[in-house]
Amino acid sequence: MTGGGDCPGLNAVIRAVTKTAITRYSMKVWGIEDGYLGLIEKRLRPLSFEDVSHILTLGGTILGTNNIVDPFKFAVRSGTAEPANSPQGKVRFKDVSDSCIQTLAEKQIDALVCIGGDGTMTSAAAFAKKGLTVVGVPKTIDNDLWGTDITFGFNTAVTTATEAIDKLRTTASSHHRVMVVEVMGRYAGWIALHSGVASGGDCILIPEIPYRIEKVCRFVQQRNSRGKSYSIVVVAEGAKESGGKMVVSKNVVFSPYPVRLGGIAYKLADQIERLTKLESRAVTLGHIQRGGTPTPYDRILATSFGFTAMELLVSGVKDRLVVLKDGKLSSVPLSQVAGKIKTVPKNHPLIKAARAVNTCFGD
Ligand code: F6P
């Protein structure tokens, strides 16, 4: 099952799990469609060796995914057979996990491989607590999953963002503008930090280091007075002004995790233009960062993760997340990962290196 937001490398994991299970262990494999939603709606299909051939390099997920469904807090909408008695009178959340376990039992499925991020792993840990055998595979472009040094998909997202910022640099320089580029990452600044450093961003603003707008403006103005006629500001969608709030673009009411961030680049570009009188533009990279072909690094990582998930299952493990720690593949209990996220430490070596080359973090 692939859960949460899609991400380059999902198909590479599906392929590795399925091929290892079939060729090495003569197992039968089922694919669950659209994440936990497919499990709730009993939409499962057998996966053959041929079904997963030629998908290594394909972005997205052949199984489909979903980032608004949690079987332990499943939204029941008004107007359906179920009554709606939430405070808003529109939606209430129901635990449907027992019927999911029943569905797996009916199909004689002994173990679940959950490929996902923190939301998916929190539910996976809860299923494991109920006795299901579950192995998690760490996915997300945000790289914010606790317990692993890296998730697959992150390298591709950073590559995509870096290429985009490289392109924006030439137009910023031609027009002598400040270009504010917003990247994804939710409450963590990993994508902004890595793509910002890789593209030589002049300012990098991340959620972990609240910024002061005066500092950002002064930095941009100083560059200007030194003859640098343009600046690149890379901002994480979750960045916020010191004492301020994150910018929310949408509330997904049927989701147990309703907040969607986005829009800070527009706010920042307006502020910078008003306060510095330098022409500024905002660009939001958005879902482009989640799409497309995985990089070779992510294909290799996803294949290694998928293979390791199967090896763990066969060794009798019942409740683990595959991780990469200090360059080595290993695993941690799912219960340790549930409900946590991994943010960028303020003293991260890359922040130190960026500061050394005069990158401004707005603090
Ligand atoms: O977790 C992946 C991610 O792309 C985040 O970076 C972003 O905040 C969120 O998902 C966007 O979610 P949606 O696809 O629902 O807009």
Side-chain angles (χ1 to χ4, degrees), residues 1-20 29 31-38 43 45 47-69 113-121 136-145 148 150-168 181-186 188 190-192 194-195 198-199 236-237 260 262 283-309 322 324:
M1 188 203 78
T2 52
D6 72 335
C7 163
L10 285 166
N11 286 324
V13 182
I14 295 171
R15 170 182 175 268
V17 167
T18 307
K19 287 194 169 180
T20 306
V29 183
I32 300 171
E33 295 174 357
D34 299 337
Y36 288 120
L37 184 63
R43 289 189 283 112
R45 62 173 195 256
L47 285 181
S48 69
F49 191 92
E50 287 313 316
D51 288 332
V52 299
S53 286
H54 305 295
I55 64 168
L56 171 66
T57 62
L58 192 66
T61 158
I62 59 162
L63 292 174
T65 189
N66 184 302
N67 70 354
I68 55 173
V69 168
V113 178
C114 285
I115 312 167
D118 67 328
T120 305
M121 292 314 149
V137 177
K139 163 245 66 158
T140 169
I141 62 161
D142 303 333
N143 196 35
D144 63 350
L145 194 60
T148 185
I150 192 148
T151 52
F152 75 84
F154 173 64
N155 183 268
T156 307
V158 168
T159 303
T160 301
T162 303
E163 283 169 6
I165 301 166
D166 288 349
K167 288 187 170 131
L168 291 167
V181 192
E182 179 178 316
V183 297
M184 281 185 162
R186 267 191 339 164
W190 295 108
I191 299 179
H194 282 249
S195 62
S199 61
E237 62 181 357
R260 296 294 183 273
V283 175
T284 304
L285 296 186
H287 294 83
I288 282 179
Q289 294 157 97
R290 292 224 306 249
T293 304
T295 57
Y297 180 89
D298 275 337
R299 295 176 203 181
I300 293 165
L301 188 63
T303 302
S304 309
F305 278 164
F307 165 69
T308 306
V322 180
L324 190 76

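We use all heavy atoms of the structure for the numbers below, so side chains are in, but hydrogens, waters and symmetry mates are not.
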Quick check: are there more than 12 heavy atoms from other residues, nucleotides or ligands sitting under 6.0 Å from CD1 of I150?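 It does: I150 CD1 has more than 12 such atoms within range.
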Taking the side chain as every heavy atom from C-beta outward, state whether [X] and [Y] have any atom pair closer than 4.5 Å.
| X | Y | result |
| --- | --- | --- |
| L10 | P294 | no |
| W190 | V158 | no |
| M1 | T120 | yes |
| T303 | L56 | yes |
| R260 | E237 | no |

Identify, with sequence neighbours excluded, every residue that meets ring-ring contact (aromatic ring centres under 6.0 Å, His included) alongside F152.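 By the ring-ring contact (aromatic ring centres under 6.0 Å, His included) rule, F152 matches no residue at all.
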What residues, two or more places apart in sequence or in another chain, satisfy salt bridge (charged side-chain N to carboxylate O under 4.0 Å, His left out) together with [X]?
| X | value |
| --- | --- |
| R43 | E33, D34, E41 |
| R290 | D6 |
| D144 | R186 |

Which residues pass the side chain to side chain donor-acceptor pair (under 3.5 Å) test with N155, sequence neighbours left out?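 Result, side chain to side chain donor-acceptor pair (under 3.5 Å) vs N155: T295.
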Would you please name every residue forming a side-chain contact (heavy atoms from CB on, under 4.5 Å) with [X], sequence neighbours left out?
| X | answer |
| --- | --- |
| V283 | L168, M179, L285 |
| P138 | L145, T148, T151, F305, L321, V322 |
| T18 | I14, I22, V29, L47, V52 |

For residues 58-68, which side-chain N or O atoms pair as donor and acceptor with protein atoms under 3.5 Å away, sequence neighbours left out?
{"unit_1": "T61", "atom_1": "OG1", "unit_2": "T2", "atom_2": "OG1", "d": "3.0"}
{"unit_1": "T61", "atom_1": "OG1", "unit_2": "L63", "atom_2": "N", "d": "3.0"}
{"unit_1": "T61", "atom_1": "OG1", "unit_2": "G64", "atom_2": "N", "d": "3.4"}
{"unit_1": "T65", "atom_1": "OG1", "unit_2": "T2", "atom_2": "O", "d": "3.0"}
{"unit_1": "T65", "atom_1": "OG1", "unit_2": "G4", "atom_2": "N", "d": "3.4"}
{"unit_1": "T65", "atom_1": "OG1", "unit_2": "G4", "atom_2": "O", "d": "2.7"}
{"unit_1": "N66", "atom_1": "OD1", "unit_2": "I68", "atom_2": "N", "d": "2.7"}
{"unit_1": "N66", "atom_1": "OD1", "unit_2": "V69", "atom_2": "N", "d": "3.1"}

What salt bridge (Lys or Arg N to Asp or Glu O under 4.0 Å) pairs are there with at least one residue in [range], not counting sequence neighbours?
| range | value |
| --- | --- |
| residues 295-309 | none |
| residues 50-59 | none |
| residues 55-68 | none |

Donor-acceptor pair, Q289 side chain versus I141 backbone, under 3.5 Å?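 Judged by distance alone, no pair lies under 3.5 Å.
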Short side-chain to backbone donor-acceptor contact, K139 and C114, under 3.5 Å: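 Checked: no pair found.
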side-chain contact (heavy atoms from CB on, under 4.5 Å), that's the test. Do I191 and F154 meet it? Break it down for me. CA-CA 7 Å; I191 299 179; F154 173 64; 4.0 Å; yes
